[in-house]
Novice: 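The structure is given below, and queries will be raised subsequently.
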Amino acid sequence: MPGLADRLAGPVLEVAPTLLGAVLRHETPQGAVAVRLTEVEAYAGEQDPGSHAYRGPTKRNEVMFGAPGRLYVYFTYGMHYCCNVVVGETGHASAVLLRAGEVVEGTDLARERRGNGPDRDLARGPARLCQALGIDLRHNGSDLGEGALALTLPEAPHHLEEVLTGPRVGLRHAADHPWRFWLADEPTVSVYRPAKRLSAEPRGPGRGRPGAP
DNA sequence: AAACAGATCTACT
DNA sequence: GTAGATCTGTTTT
């Protein structure tokens, strides 16, 4: 079977939906926690105004410019970490933000790290997901092919009917691209919050249709 | 050495 | 559902 990096080397908009259902597992001395991904967002590198790579390579985003199959971790809002899987060919700086997932192993340890709250919220949201898995800046650049932090792709991609798409969350620019993907009927998908500059949806937010314009 | 900017979360109504 | 707070790392002079 092909290596992880090979399966992630394609265009980010094609690879991102295939990460749904994948399992990210982190093994530490305290135990292991695994999360099944239910929501991701695509970031298209230097051409994407919403990407950290938009203004070219820096010390912080250099991992995105490297080989696919590695983890790009960044720090934000003074207290949160978020993690991305680097995809696309080396040098293209594409990445997929892991927005939410379902804890499928090590629930107790995840609860310890997260504190009190419903289990469905343990990895609901990009910063919560990192916290539940015990991921921080030390893991920036980690190879997910093998090691304590490993990503396992599903045997077969999900059917298109199960995948919904919509605009990305929390961006000032380029918020009109439907580059956010999530699995239908998953309680662990994070709440949709529209970008600040956009006019509110006439009907309730959070409902996306596959292929909707 | 200083200013900036933020791919968010938690709490509350 | 909505509003508000919040702190560090990164970037830039």
Side-chain angles (χ1 to χ4, degrees), chain A residues 12-13 15-17 19-20 24 35 37-65 70-88 92-101 103 110-141 165-182 187-208:
Chain A
V12 63
L13 289 179
V15 172
L19 288 179
L20 294 172
L24 183 60
V35 168
L37 304 177
T38 57
E39 180 186 1
V40 299
E41 278 180 3
Y43 287 85
E46 289 179 294
Q47 344 164 351
D48 181 1
S51 171
H52 287 171
Y54 184 56
R55 293 179 67 185
T58 66
K59 183 186 176 186
R60 176 228 225 166
N61 63 25
E62 63 180 356
V63 172
M64 279 202 287
F65 289 83
R70 295 200 291 168
L71 196 70
Y72 166 51
V73 183
Y74 69 91
F75 188 87
T76 188
Y77 285 87
M79 52 188 111
H80 300 301
Y81 299 99
C82 299
C83 64
N84 306 248
V85 174
V86 176
V87 307
H92 280 224
S94 303
V96 176
L97 171 69
L98 308 183
R99 283 201 56 87
V103 175
R111 280 199 203 103
E112 283 183 31
R113 289 171 174 158
R114 288 272 325 127
N116 295 332
D119 280 1
R120 76 163 48 167
D121 288 352
L122 283 176
R124 189 191 201 206
R128 292 168 172 173
L129 186 147
C130 283
Q131 193 179 358
L133 283 168
I135 290 174
D136 57 41
L137 276 182
R138 289 197 55 184
H139 304 97
N140 189 31
T165 184
R168 294 178 293 185
V169 177
L171 300 185
R172 294 187 309 190
H173 300 299
D176 53 327
H177 296 118
W179 289 353
R180 173 177 173 240
F181 304 93
W182 66 95
T188 55
V189 172
S190 61
V191 181
Y192 172 61
R193 295 187 64 186
K196 292 181 179 179
R197 303 281 291 189
L198 292 183
S199 60
E201 293 279 332
R203 282 177 289 244
R207 290 292 184 213

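In this text the structure is predicted, and so the values were computed from the model without any measurement. Just so you know, these numbers use all the heavy atoms, side chains as well, and skip hydrogens, waters and symmetry mates. In what follows, every chain begins at residue 1, and chains take the letters A, B, ... in the order their sequences are listed.
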Novice: Quick one: sort the W179(A) and H177(A) rings into parallel, tilted or perpendicular, breaks at 30° and 60°.
Specialist: parallel
Novice: Return the pairing partner of dT6(C) with a 3.5 Å limit on both distances, Watson-Crick or G-U wobble; otherwise return none.
Specialist: none
Novice: Thinking salt bridges, do R168(A) and E41(A) make one under a 4.0 Å N-O criterion?
Specialist: no
Novice: May I ask you to verify if any side-chain N or O of R114(A) is less than 4.0 angstrom from the OP1 or OP2 atom of dT10(B)?
Specialist: yes
Novice: Taking atom C1' of dT8(B) as reference, at what distance in whole Å does atom NE2 of H80(A) sit?
Specialist: 5 Å
Novice: What is the separation between atom CG on L137(A) and atom C1' on dG9(C), rounded to the nearest whole Å?
Specialist: 8 Å
Novice: Over how many whole Å does the gap from N140(A) atom CG to dA7(B) atom C1' extend?
Specialist: 15 Å
Novice: Under 4.5 Å between any side-chain heavy atoms of V40(A) and L20(A), yes or no?
Specialist: yes
Novice: Would a 4.5 Å heavy-atom cut-off, applied to side chains only, mark M64(A) and S51(A) as touching?
Specialist: yes
Novice: Whole angstroms only, please: what is the CZ-P distance between R60(A) and dC4(B)?
Specialist: 17 Å
Novice: Please figure out whether Y77(A) or N61(A) has its closest DNA chain C nucleotide nearer the 5' end.
Specialist: Y77(A)
Novice: Taking OH from Y74(A) and P from dC4(B), how many angstroms apart are they, rounded to a whole number?
Specialist: 22 Å
Novice: Report the distance from atom CD of E39(A) to atom P of dT8(B), rounded to the nearest whole Å.
Specialist: 10 Å
Novice: In whole angstrom, give the distance that lies between atom NE2 of H177(A) and atom C1' of dA7(B).
Specialist: 15 Å
Novice: Can you tell me how far P of dC9(B) sits from CZ of R113(A), to the nearest Å?
Specialist: 17 Å
Novice: OP1, OP2 of dT8(B) versus side-chain N and O of R99(A): anything below 4.0 Å?
Specialist: yes
Novice: Taking the P atom of each, how far is dT12(C) from dA7(B), in whole Å?
Specialist: 15 Å
Novice: Base, sugar-phosphate, or nothing: which does G125(A) touch, judged by heavy atoms less than 4.0 Å apart?
Specialist: sugar-phosphate
